[in-house]
Amino acid sequence: MKILVIGGGGREHALVWKLHESPHVDKIWCVPGNGGISEEAECIATNPGDVARLVDLADRLQPDLTVVGPELPLVNGIGDAFTERNWPIIAPSRQAAQLEGSKIFAKQFLQRHNIATAKMYGVYDSSQHALAALDTVDWPVVIKADGLCAGKGVFLAPNYASARDFIERAMLRSEFGPGGQRVLLEETLHGDELSFIILTDGERFAPLVPTRDHKRAFDGNLGPNTGGMGAYSSDDLLSSSTRDAILRDVVEPTIQGLAAGGIRYQGFLYFGLMLSPSGPKVLEFNCRLGDPEAQAIIARMDFDLADVLSDATATRLDPSKLRWKPGASVCVVLASGGYPGKFETEKTISGLTDVARNSGVKVLHAGTKRVGNSIVTNGGRVLGVTAAAASLGNALSAAYGAIAQIDFDGMYYRKDIAARANRVNAAGE
């Protein structure tokens, strides 16, 4: 098989890493890739959001399978463009990708199919109306920008002043671009958050192992929201009864609702959940693997990913093929100083060669590039140090032990990834 992977972050490096293990894979290209991916695949410098260019590229390369990592090409219709040409691709249709591309579309879908979610106060296309609505909500209130905002378009506002600031940044100062021109206000849900991802061929689906991510920049869940500072997965993260409830009350109605609406869905579907006292409720959809959740999930895969994904594109997904390593996994993100705000790049990264010798630890590159014989920083989230082990404690020790050997100017990371796992019961119990 020849495989094309779209994207250039830690999630895509994890995909390349696992696909490369398959005895059926002869060649992997990655667009645009990064400094670490370049050691395991041929990187091609093309804009991953430009569907027309990706079509031209695929027409030339003729891959046997294309796997899409980030959301932008999905929302821009790469799934439709490839499917129309009978090219196998792991990607939902443009219409289906609105589940991620529009928070309002997703909320209306959930309401239409009676899937539990937060109560919505309203949708607003002017800052004046949104600010006026703040007089009628319960605090704290959740504010969501409608469109794609690189993981920074959701804000839990504790008071009027902070809510006003977020609305003005989104709607008046356009800090989130077009994605912030409409907002919706929701009630705040309470409980434990969980990332629950499935793979579907449009008819059958297979759940992946559950994960929990860490969005805030600093220890103790403090600081601004980020794209994700770390994630973990473990056998005891989710009780069997809550898993059954998620499948019955959330996943199955979503798959049935998509089919009833004639919406083609083939690929990964991410359910961001709040495990509330009254049961699981949907916070958001992503139409792809999460990042850094994918890193933790892929570290636990005990199956041929290329084979399973190829089956999914041919509408013959066999859920029994998805087997998992027992125990736990963790991914800890090393970020550039200043992220998620302004940060510097071109900082030389040291220690990677030594860490590569550590068994059980994989350093997945996100914001890096190769300059001569060196790897330098090239983004906000730079590396994802990933480990799997028989227990969560052992996985954490391996990951943080490896981090102690890595350094670049301004590097910071959270030191409390999975810390709550030792203080709470399995989610939902």
Side-chain angles (χ1 to χ4, degrees), residues 5-17 30-38 43 48-49 69-72 148-154 176 195 211-219 221-233 270 272 286 288-299 329-352 355 361-370 375-387 399-400 402-403 406-418:
V5 175
I6 308 298
R11 167 186 48 225
E12 290 76 34
H13 192 182
L15 285 165
V16 167
W17 168 47
C30 191
V31 177
N34 60 42
I37 293 175
S38 66
C43 295
E71 61 273 26
L72 188 57
L148 299 178
C149 301
K152 305 178 185 70
V154 178
F176 306 128
S195 300
T211 53
R212 179 167 288 136
D213 74 338
H214 300 65
K215 287 293 187 187
R216 297 284 187 167
F218 307 126
D219 288 2
N221 289 325
L222 300 176
N225 267 343
T226 71
M229 292 298 294
Y232 71 97
S233 172
Y270 170 116
N286 289 166
R288 53 187 168 86
L289 286 167
D291 186 341
E293 293 95 335
Q295 291 88 306
I297 290 169
I298 289 171
S329 59
V330 63
C331 174
V332 182
V333 171
L334 309 186
S336 296
Y339 173 79
K342 186 177 181 180
F343 55 86
E344 295 181 347
T345 60
E346 307 285 341
K347 304 298 183 181
T348 300
I349 304 170
S350 63
L352 294 177
V355 172
V361 176
K362 177 69 174 181
V363 179
L364 296 165
H365 292 231
T368 71
K369 68 178 180 180
R370 183 173 293 278
I375 298 290
V376 302
T377 65
N378 192 41
R381 293 189 295 173
V382 178
L383 302 169
V385 180
T386 304
Y400 280 112
I403 288 170
I406 301 171
D407 186 56
F408 56 86
D409 186 30
M411 180 181 97
Y412 84 95
Y413 58 95
R414 283 186 58 163
K415 301 173 181 64
D416 64 346
I417 300 301

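- Nearest heavy atoms, F408 versus S336: CE1-CA, 4.2 Å.
- Two residues are said to be in side-chain contact when any heavy atoms from C-beta on lie closer than 4.5 Å; I375 and K369 fail this criterion.
- What you find for A335 and M229 is that their closest heavy atoms are CB-CE, 4.0 Å.
- In this structure, the side chains of V385 and V361 come closer than 4.5 Å at one or more pairs of heavy atoms.
- With a 4.5 Å cut-off on side-chain heavy atoms, T386 and I298 do not count as touching.
- Counting only distance, with no hydrogens or angles, the side chain of R381 and the backbone of G227 share a donor-acceptor pair below 3.5 Å.
- Y412 places a side-chain N or O within donor-acceptor distance of the main-chain N or O of Y339, the cut-off being under 3.5 Å.
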Legend entry - Test side chain to side chain donor-acceptor pair (under 3.5 Å) applied to Y270 and R288, step by step: CA-CA 6 Å; Y270 170 116; R288 53 187 168 86; over 6 Å; no
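- Side chain to side chain, R414 and N221 meet the donor-acceptor criterion of an N or O pair below 3.5 Å.
- The closest donor-acceptor contact from the side chain of D407 to the backbone of S350 lies at 3.5 Å or more, if one exists at all.
- Remark: E293 does not engage R11 in a salt bridge, criterion side-chain N to carboxylate O under 4.0 Å.
- Taking the side chain as every heavy atom from C-beta outward, I417 and Y400 approach each other to under 4.5 Å.
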